[in-house]
2 protein chains.
Amino acid sequence: MKRVSIKDVAKEAGVSASTVSYVLNSTPTETISQETQKRVMEAVNKLGYVPNLNARSLSSRHSNLIGVLIPQTEPGKELMFSNPFYGELLSSIEYTARQHGYHLLLSGTKEDQDYLSIAQNRGVDGVIIVGTYPGENLNALKTLGVPIVLVDSYVKDDAFHTIGIEDKEGARMATRYLIEKGHRRIAFVSGSIRENGVNIKRYQGYCDAMREAGLAVEEQAVYSGTVDYEYGIEAANEFLARGRKQTAAFVTADVITMGLVKGLQQNHIRIPEDVSIVSFDDVYLSPMAHPALTTIHQDIGEKGKQAVQLVLDAARSKEHHHSECILPLRLVERESVCERREKS
Amino acid sequence: MKRVSIKDVAKEAGVSASTVSYVLNSTPTETISQETQKRVMEAVNKLGYVPNLNARSLSSRHSNLIGVLIPQTEPGKELMFSNPFYGELLSSIEYTARQHGYHLLLSGTKEDQDYLSIAQNRGVDGVIIVGTYPGENLNALKTLGVPIVLVDSYVKDDAFHTIGIEDKEGARMATRYLIEKGHRRIAFVSGSIRENGVNIKRYQGYCDAMREAGLAVEEQAVYSGTVDYEYGIEAANEFLARGRKQTAAFVTADVITMGLVKGLQQNHIRIPEDVSIVSFDDVYLSPMAHPALTTIHQDIGEKGKQAVQLVLDAARSKEHHHSECILPLRLVERESVCERREKS
DNA sequence: CCGCTTTTCGTAAGCGCTTCCATTCATTTT
DNA sequence: AAAATGAATGGAAGCGCTTACGAAAAGCGG
């Protein structure tokens with residue numbers, strides 16, 4: 001239980017602590033003889049020495065740690081992963097980071113929280129923030145001096161790196177697809193529409209597509225709530241309450257869609273025969289849905305990978321150059337949409 | 001960008017660094033006058049001081065950090081969360097930890113990996129390991145001197161705390177339910193069956209129930225693969241290949257079930273009319289499946305919460321007392337099972 | 001006003017590691 | 001042969017914080 005420190009190794013190998021440090025870090029400016037290296041390594045193995053990374057960070061000013069902030073879907077709701085999208089994203093982030101020898105410091109976030117706590121405290125080398133946050137909170141982070149990458153946020157500020165997708169274009173693509181299938185009354189269902197968020201862009205894309213086709217965007221055709229399946233069910237009920245006006249819907253998240261489909265089916269509305277749906281994200285389980293979701297596919301794995309890459313690149317290069325990465329989208333056709341000739 | 005340290009605060013407040021430390025940690029043995037406290041706090045706020053937790057850990061020997069090890073489902077597969085169960089569990093762990101002022105150091109794990117790296121390195125205060133691992137790897141962790149809790153593992157060793165569920169009983173319950181519904185030929189579908197893992201217990205429960213009902217456990221009725229929906233589909237094909245012998249199945253994970261259901265439906269096998277299924281886990285999305293999954297419900301949130309609780313309790317108390325926590329299970333009836341009179 | 005207890009605070013010694021700089025030899029160079 | 005070079009290592013000063021320990025200030029009964 002006795003922690004073995006670098007000094008113990010030094011003593012065992014009959015060298016100084018600094019020498020041990022040099023061989024362990026293979027410091028390029030220093031040169032240690034083969035023989036000594038071998039002796040040190042033997043001591044390390046014999047004693048089972050593992051360096052204390054806290055101490056290392058303290059003196060070397062970098063921690064090989066990346067802070068990751070993932071939103072709790074809703075304040076008060078503890079389920080950070082009520083949206084499987086986050087799970088998949090985190091998965092990819094973790095995997096990529098680990099490949100590079102980095103670990104993750106994970107924290108969920110409530111809106112009102114002080115993000116500094118996680119980041120500044122532990123001396124992370126960079127921060128990945130996923131989702132949309134009020135600007136003030138982000139500003140505090142800028143003073144941190146470590147690279148910050150925003151995933152899926154439209155905050156425009158050169159202090160941050162960003163990675164996202166063509167939200168607007170994706171939504172337009174989805175909506176247009178529905179229009180091409182003969183639908184004219186198309187609902188828009190999304191999570192909360194907030195400043196700098198993705199949903200506002202997707203809403204614009206939806207509107208654009210409608211307008212381009214000469215269709216009106218009716219207020220009663222837009223549904224907005226939270227990003228979880230509960231809201232999908234709620235939206236289904238609301239759809240009924242509003243009189244089943246639309247024959248199709250563009251939904252901005254697969255989770256919502258799953259709830260929506262369920263809610264609709266429970267009311268004996270058939271998908272896609274009665275209501276066609278194009279969804280968004282293409283999470284791991286969406287081909288498993290019934291019907292399998294026709295959805296805008298985004299490469300979640302790539303998103304996470306790029307996020308990590310951005311942080312690491314920025315952490316390495318000294319001068320700050322703002323970078324931005326937009327991933328492409330594509331529509332994958334499955335079973336939740338069918339042709340429709342509007343009666344009117 | 002200039003980091004403000006405790007000394008800066010001390011200077012600003014006109015006191016010594018130790019005094020600042022005392023007020024910040026409200027060290028119980030020391031007593032600082034109200035007035036000084038106020039002065040210090042003002043300086044802290046004015047300078048925007050945030051303590052460097054690395055330094056703190058270094059000198060105080062505790063980090064307010066919990067290491068979390070989550071398995072990559074399959075080696076080579078990067079998707080740690082191909083099973084939504086892990087996402088939900090992590091969610092709960094993160095939330096609970098945060099409530100207690102702890103952060104998470106997250107790492108995925110490959111089988112062959114050296115777990116020490118994450119734990120020992122960073123001086124975590126405890127480790128939560130979810131899933132089943134080869135014993136040798138765990139042994140290395142024992143020397144760590146921090147509490148370790150194993151989630152869903154049947155490794156018997158007083159050095160570890162464990163938290164799990166009544167796997168065997170749950171499986172028995174599920175199988176018996178199917179039998180009560182008139183099924184006699186029941187498949188067992190699970191992820192890999194390995195030593196000390198949950199599936200072996202569930203298999204036993206399945207066997208027990210069958211035996212109790214005087215039914216034979218046929219080798220060709222058991223399917224075992226990986227825990228993801230891809231395997232579910234595979235199992236469906238295998239089911240066909242083996243001649244559609246069973247009228248029901250007990251599946252040990254909802255993700256697998258989703259794949260299985262999909263695969264079966266694609267082959268025009270109706271659920272539950274042709275094949276009834278009782279699943280396991282009751283993940284967030286399982287009521288959304290089509291049909292909604294009749295499944296053994298486990299309280300994933302509670303599991304995560306207890307895991308954290310166990311670590312923290314153990315970290316606080318000096319002497320080691322092995323603790324163990326088994327959570328109850330219950331069957332929730334939904335739509336994937338129906339009555340059946342065996343033809344034979 | 002004096003010893004004595006309490007309260008309040010500063011000094012200093014680390015925690016385990018990195019890293020600049022100086023030092024010691026063994027080689028070369030001229 | 002003396003001077004210059006370079007390779008190989010150790011010394012020591014921190015990184016930013018905690019925490020004995022001890023000293024000074026303050027309260028108090030007599």
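Quick note on labels: first sequence line is chain A, next is B, and so on, each numbered from 1. These values consider heavy atoms only, across backbone and side chains, with no hydrogens, waters or symmetry-generated copies.
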| Length of the CG-P vector between A/Leu58 and D/dC17, whole Å | 9 Å
| note | When rounded to whole Å, the NZ to C1' distance for the pair B/Lys7 and D/dG14 reads 8 Å
| message | Using a heavy-atom cut-off of 4.0 Å across all strands, would you classify A/Thr27 as base, sugar-phosphate, or nothing? | response | nothing
| request: Specify the separation, in whole Å, of atom CZ of B/Arg56 and atom C1' of D/dC17. | output: 8 Å
| said: Side chain of B/Pro51, heavy atoms from C-beta onward: which of D/dC17, C/dT18, D/dG11 has the nearest atom to it? | reply: D/dC17
| Whole angstrom value for the distance that separates C1' of C/dG10 from CD of B/Glu30 | 11 Å
| message | Given 3.5 Å as the limit, does a donor-acceptor pair link the side chain of B/Asn83 with the main chain of B/Tyr86, or not? | response | no
| message | Rounded to whole Å, please give me the gap between CG in B/Leu53 and P in C/dC15. | response | 20 Å
| query | D/dT19 P sits how many Å from B/Leu24 CG, rounded? | reply | 13 Å
| task | Tell me what A/Ser21 touches on the nucleic acid: a base, only sugar-phosphate, or nothing, going by heavy atoms under 4.0 Å. | result | base
| How long is the line joining NZ of B/Lys11 and P of D/dC17, in whole Å? | 14 Å
| query | Picking from C/dG10, D/dC15, D/dT18, which would you name as closest to the side chain of B/Asn25? | reply | D/dT18
| remark: Quick note, A/Ser60 side chain, CB onward, closest among C/dT8, C/dT19, D/dT18 is C/dT19
| field | Residue pair B/Ser16 / B/Ser18, side-chain donor-acceptor N/O under 3.5 Å | value | yes
| task | For B/Asn54, answer base if it contacts any base atom (sugar-phosphate contacts may also be present), sugar-phosphate if it contacts only those atoms, and nothing otherwise; contact means non-hydrogen atoms under 4.0 Å. | result | nothing
| query | Under 4.0 Å: is that the gap between some side-chain N or O of B/Thr19 and OP1 or OP2 of C/dG10? | reply | yes
| query | Do A/Ser153 and A/Asn196 have a side chain donor and acceptor closer than 3.5 Å? | reply | no
| field | No-H, no-angle donor-acceptor pair, B/Tyr22 side chain to D/dC17 base, under 3.5 Å | value | no
| Minimum-distance nucleotide (side-chain atoms of B/Ala55 versus D/dC17, D/dT9, D/dC15) | D/dC17
| request: Classify the nucleic acid contact of A/Thr31 as base, sugar-phosphate or nothing, counting any heavy atom under 4.0 Å across all strands shown. | output: base
| request: Return the nearest nucleotide to the side chain of A/Ser5; candidates are C/dC17, C/dG10, C/dT18. | output: C/dC17
| message | Taking any heavy-atom pair under 4.0 Å as a contact, classify A/Ser18: base, sugar-phosphate, or nothing. | response | base
| request: Check the distance between C/dT18's C1' and A/Ile6's CD1 and give it to me in whole angstrom. | output: 8 Å
| field | Pairwise side-chain contact, A/Val68 with A/Leu90, heavy-atom cut-off 4.5 Å (strictly under) | value | yes
| message | Could you tell me if the side chain of A/His322 sits less than 4.5 Å from the side chain of A/Glu324, heavy atoms only? | response | yes
| Nucleotide nearest B/Thr36 (side chain, heavy atoms from C-beta), chosen from C/dT8, D/dT9, C/dT18 | C/dT8
| request: May I ask you to check whether B/Asn25 and B/Ser21 show a side-chain donor-acceptor distance below 3.5 Å? | output: yes
| Using a cut-off of less than 4.0 Å, is there contact between a side-chain N or O of A/Arg61 and OP1 or OP2 of D/dG16? | yes
| request: Between A/Ser59 and B/Val15, just flag the one whose closest nucleotide in DNA chain C comes earlier from the 5' side. | output: B/Val15
